[in-house]
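As a basis for the values below, the full set of heavy atoms in this structure was taken, side chains included, without hydrogen atoms, waters or symmetry mates. Here the structure is a predicted model, which is why all the values come from computation and not from measurement.
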Amino acid sequence: MTLRVFIDTCALYPPLLRSLMLATTEAGLVRPLWSTRVLDEWVIATARKAPDRLAEAETDRARLAAAYPEALCPADPALEAQLSLPDPADAHVLAAAAAADADLLVTLNLRDFPRMTLAGLGLEARHPDSLLWELWSAHPAAMERVLAAALPGLAPPDRRGPLKRARLSRLGKAQAA
């Protein structure tokens with residue numbers, strides 16, 4: 001069964017993390033889901049952190065939208081208005097994930113998505129490191145191809161540093177084993 005994974009903006013911004021998430025899609029392990037607003041926030045985050053990469057981010061956004069048209073999920077405005085989260089700006093993420101009937105919400109900001117609120121919507125939030133490590137454990141051959149594609153030319157022990165910098169320390173440790 002392919003996991004339906006709603007990807008929050010923060011899990012798309014770091015290029016390595018985005019490459020890994022998309023490679024898991026190509027490997028048939030996950031089906032990505034996101035909203036127009038998530039993609040827009042990703043471009044804005046890129047512009048803020050690397051203004052010289054804005055045009056590239058806009059091109060990448062268009063590529064993502066074209067390559068994964070089925071990934072686009074609108075938020076449910078009525079649900080969004082009812083949600084109370086630690087960061088109110090995240091209500092659209094949760095409303096879109098629920099409307100898309102996602103299996104998981106992948107985010108680096110777990111504290112912004114309380115378990116009880118998610119459970120009431122039939123959702124679970126997971127850190128990308130946890131998801132990718134779980135996929136590594138369940139599908140080692142497929143994940144080896146994913147990692148080789150995202151980190152070309154690096155042998156498993158040499159992947160640990162880049163993975164750790166991308167906040168994927170558990171997956172990095174698995175590479176060093």
Side-chain angles (χ1 to χ4, degrees), residues 1-43 45 60-87 89-147 149-150 163 166-168 170-171 174:
M1 179 179 114
T2 303
L3 287 172
R4 295 171 48 84
V5 177
F6 193 92
I7 305 171
D8 193 5
T9 304
C10 59
L12 284 174
Y13 173 71
L16 176 56
L17 186 49
R18 182 175 59 257
S19 294
L20 287 166
M21 292 304 299
L22 295 176
T24 62
T25 296
E26 297 304 317
L29 301 174
V30 303
R31 178 175 170 215
L33 302 166
W34 46 63
S35 67
T36 299
R37 190 163 163 192
V38 163
L39 294 179
D40 291 345
E41 286 179 356
W42 167 47
V43 171
D60 286 348
R61 182 198 188 289
R63 264 192 231 131
L64 277 182
Y68 303 100
E70 70 285 351
L72 196 59
C73 309
D76 175 345
L79 177 58
E80 185 176 346
Q82 294 173 3
L83 293 171
S84 176
L85 297 173
D87 182 353
D90 285 326
H92 77 281
V93 173
L94 187 50
D101 196 28
D103 297 312
L104 294 173
L105 166 61
V106 176
T107 183
L108 295 164
N109 302 321
L110 294 174
R111 70 182 184 286
D112 290 342
F113 297 96
R115 284 184 192 199
M116 295 300 287
T117 303
L118 271 69
L121 297 170
L123 280 168
E124 176 188 350
R126 186 99 44 92
H127 191 282
D129 192 29
S130 174
L131 172 62
L132 293 168
W133 183 85
E134 182 180 307
L135 292 172
W136 170 264
S137 298
H139 308 282
M143 284 301 291
E144 175 55 34
R145 290 188 297 275
V146 164
L147 286 157
L163 290 170
R167 297 170 62 178
L168 302 171
R170 203 168 167 199
L171 184 62

Closest approach of [X] and [Y], non-hydrogen atoms and distance?
X     : Y      : value
Ala96 : Cys73  : CB-O, 3.9 Å
Leu29 : Ala142 : CD1-CB, 4.1 Å
His92 : Ala75  : O-CB, 3.7 Å

Value rounded to 0.5 Å, distance of [atom1] in [X] from [atom2] in [Y]:
X      : Y      : atom1 : atom2 : result
Leu108 : Asp8   : CG    : CG    : 8.0 Å
Leu39  : Leu72  : CG    : CG    : 7.0 Å
Asp90  : Phe113 : CG    : CZ    : 4.0 Å
Leu94  : Glu80  : CG    : CD    : 9.5 Å
Arg61  : Trp34  : CZ    : CH2   : 10.5 Å

Answer yes or no: is there a donor N or O on one side and an acceptor on the other, between the side chain of [X] and the main chain of [Y], under 3.5 Å?
X      : Y      : answer
Thr107 : Leu110 : no
Asp112 : Asp87  : no
Asp76  : Ala95  : no
Arg4   : Asp101 : yes
Arg31  : Glu70  : yes

**Request:** Go through the steps for Arg37 and Val93 under the test side chain to side chain contact (heavy atoms under 4.5 Å, CB included), then give the verdict.
**Result:** CA-CA 8 Å; Arg37 190 163 163 192; Val93 173; over 6 Å; no
**Request:** Could you please spell out the steps behind the side chain to side chain contact (heavy atoms under 4.5 Å, CB included) verdict for Leu131 and Leu3?
**Result:** CA-CA 10 Å; Leu131 172 62; Leu3 287 172; 4.0 Å; yes
**Message:** Using a strict threshold of under 4.0 Å (side-chain N to carboxylate O), is an ion pair present between Arg63 and Asp60?
**Reply:** yes
**Message:** Show, in sequence, the C-alpha distance, side-chain angles and deciding distance for Leu104 and Phe6, and conclude whether the side chain to side chain contact (heavy atoms under 4.5 Å, CB included) test is met.
**Reply:** CA-CA 6 Å; Leu104 294 173; Phe6 193 92; over 6 Å; no
**Request:** Please name the residue in the list Asp129, Leu147, Leu132 that meets the side-chain contact (heavy atoms from CB on, under 4.5 Å) test with Leu163.
**Result:** Leu147
Donor-acceptor contacts under 3.5 Å from residues 12-28 side chains, at least two apart:
from  : atom 1 : to    : atom 2 : distance (Å)
Arg18 : NH1    : Leu12 : O      : 2.6
Arg18 : NH1    : Tyr13 : O      : 3.2
Ser19 : OG     : Pro15 : O      : 3.0
Thr24 : OG1    : Met21 : O      : 2.6
Thr25 : OG1    : Met21 : O      : 3.3
Glu26 : OE2    : Tyr68 : OH     : 2.5

Show me the donor-acceptor pairs within less than 3.5 Å that the side chains of residues 114-126 make with the rest of the protein, sequence neighbours left out.
from   : atom 1 : to     : atom 2 : distance (Å)
Glu124 : OE1    : Arg126 : NH2    : 3.4
Glu124 : OE2    : Arg126 : NE     : 3.1
Glu124 : OE2    : Arg126 : NH2    : 3.1
Arg126 : NH1    : Glu134 : OE1    : 2.7

